[in-house]
Amino acid sequence: MTMPEEDTNTSRALQGLENSSSSVRLQAVLAVGTAPDPRFVDKLIERCAIEPDFYVRDMLTWALTRHSSSLTVPKLIDELRSERAQARSQALHTLSKIGDRRAWPAITRALLTDADDEVARSAWRAAVVLVPEGEDPELAGVLATQLGRGERETQLSLSRALIALGEVITPILRAAMTDPDPRVRQHAIATERLSRNPEAGFEFAVEEAKRIVALGTTGQEE
């Protein structure tokens, strides 16, 4: 018995997602996103957790945004409990792109302080997109506990997330500028500098912060 053409195309696309060639997988995801089909959602999410290629992962997120959020969001929230860091990170990234605030309660403190930098960074980005009005001061307080964490890229991600929250970060940064930990002080000052002068860039802000911390001031006087 001959399979209907639609089923044949579905089967071909699903096989393509498993292909050893990243370019073949990319084309398969593109095809799925171009013609959304609920039957693909589980496979797309499953693939997000293990896909090694950045561009294919990005396309997987795009393909998922092309499907109904009522279908994708609950499944992505389930992924946030995965033991696999990439599954958590990619689910958070996709939720931030979908922008459905029903996902907000799933952005827990545990995710915002996740030991894996990529998961934490994805959680910060998702949180500032999804946070409901009035809950941003509490979110800013949690994000501030991560000041001084990680290398430059991680610190820049946190600074951007804090700055995106607006004026609520001002008192929190001021408090962090007097923290006993010099890394926290430096990061807080750099974030405040970047918020005031985004054109100068993060590198300049960090160098300014280093100078201020070395001088033993908070930078609030300037």
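Residues take their numbers from the sequence shown, with the count starting at 1.
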Q. Does atom CZ of R66 have more than 12 heavy-atom neighbours, drawn from other residues, nucleotides or ligands, at distances under 6.0 Å?
A. yes
Q: Could you check if a side-chain atom of M59 sits within less than 4.5 angstrom of a side-chain atom of V56, using non-hydrogen atoms only?
A: no
(Q) Between L71 and V73, is there shared hydrophobic-cluster membership here, with clusters defined by ILVMFWY side-chain heavy atoms closer than 4.5 Å? (A) yes
Q: Check whether any side-chain heavy atom of C48 lies under 4.5 Å from a side-chain heavy atom of E79, and answer yes or no.
A: no
Q: Provide the closest heavy-atom pair for A85 versus V119 in the form atom of the first, atom of the second, distance.
A: O-CG2, 3.3 Å
**Q.** Side chains of R25 and L60 in contact at under 4.5 Å (non-hydrogen atoms)
**A.** no
Q: Could you tell me which non-hydrogen atom of S159 sits nearest to which non-hydrogen atom of T191, and how far apart they are?
A: OG-OG1, 2.7 Å
Q) For P182, what residues pass the side-chain contact (heavy atoms from CB on, under 4.5 Å) criterion, not counting sequence neighbours? A) R185, V213
Q) Given side chains that start at C-beta, do those of Q27 and L30 come closer than 4.5 Å, heavy atoms only? A) yes
Q. Do Q15 and R12 have side-chain atoms, one donor and one acceptor, less than 3.5 Å apart?
A. no
Q.
Can you give me the closest heavy-atom contact between T72 and I45, atom names plus distance?
A. O-CD1, 4.4 Å
**Q.** Side chains of L112 and L139 in contact at under 4.5 Å (non-hydrogen atoms)
**A.** yes
Q. Considering all heavy atoms of both residues, which atom of R81 and which atom of D78 are nearest to each other, and what is their separation?
A. NH2-OD1, 2.7 Å
Q) Mind checking what makes side chain to side chain donor-acceptor pair (under 3.5 Å) contact with D114, not counting sequence neighbours? A) R88
Q: Could you verify whether a donor N or O on one side chain and an acceptor N or O on the other, from T61 and Q90, lie under 3.5 Å apart?
A: yes
Q | Closest non-hydrogen atom pair, A161 against W124 | A | CB-CB, 3.9 Å
Q: Give a yes or no on whether E135 atom CD has more than 12 heavy-atom contacts from other residues, nucleotides or ligands under 6.0 Å away.
A: yes
Q: Report yes if some heavy atom in the side chain of V131 is under 4.5 Å from a heavy atom in the side chain of I107; otherwise report no.
A: no
Q: Please examine the side chains of R102 and S69, heavy atoms only from C-beta on, and report whether any two atoms are closer than 4.5 Å.
A: yes
Q: Quick one: closest heavy-atom pair of L92 and S122, and the distance?
A: CB-CB, 3.7 Å
Q | Cluster link L130 to V128, ILVMFWY, side chain under 4.5 Å | A | yes
Q) Does L17 reach the side chain of E51, with side-chain heavy atoms less than 4.5 Å apart? A) no
Q) Stepwise, does the side-chain hydrogen bond (donor to acceptor under 3.5 Å, both in side chains) test hold for Q146 with R149? A) CA-CA 6 Å; Q146 303 302 291; R149 170 180 174 164; 2.8 Å; yes
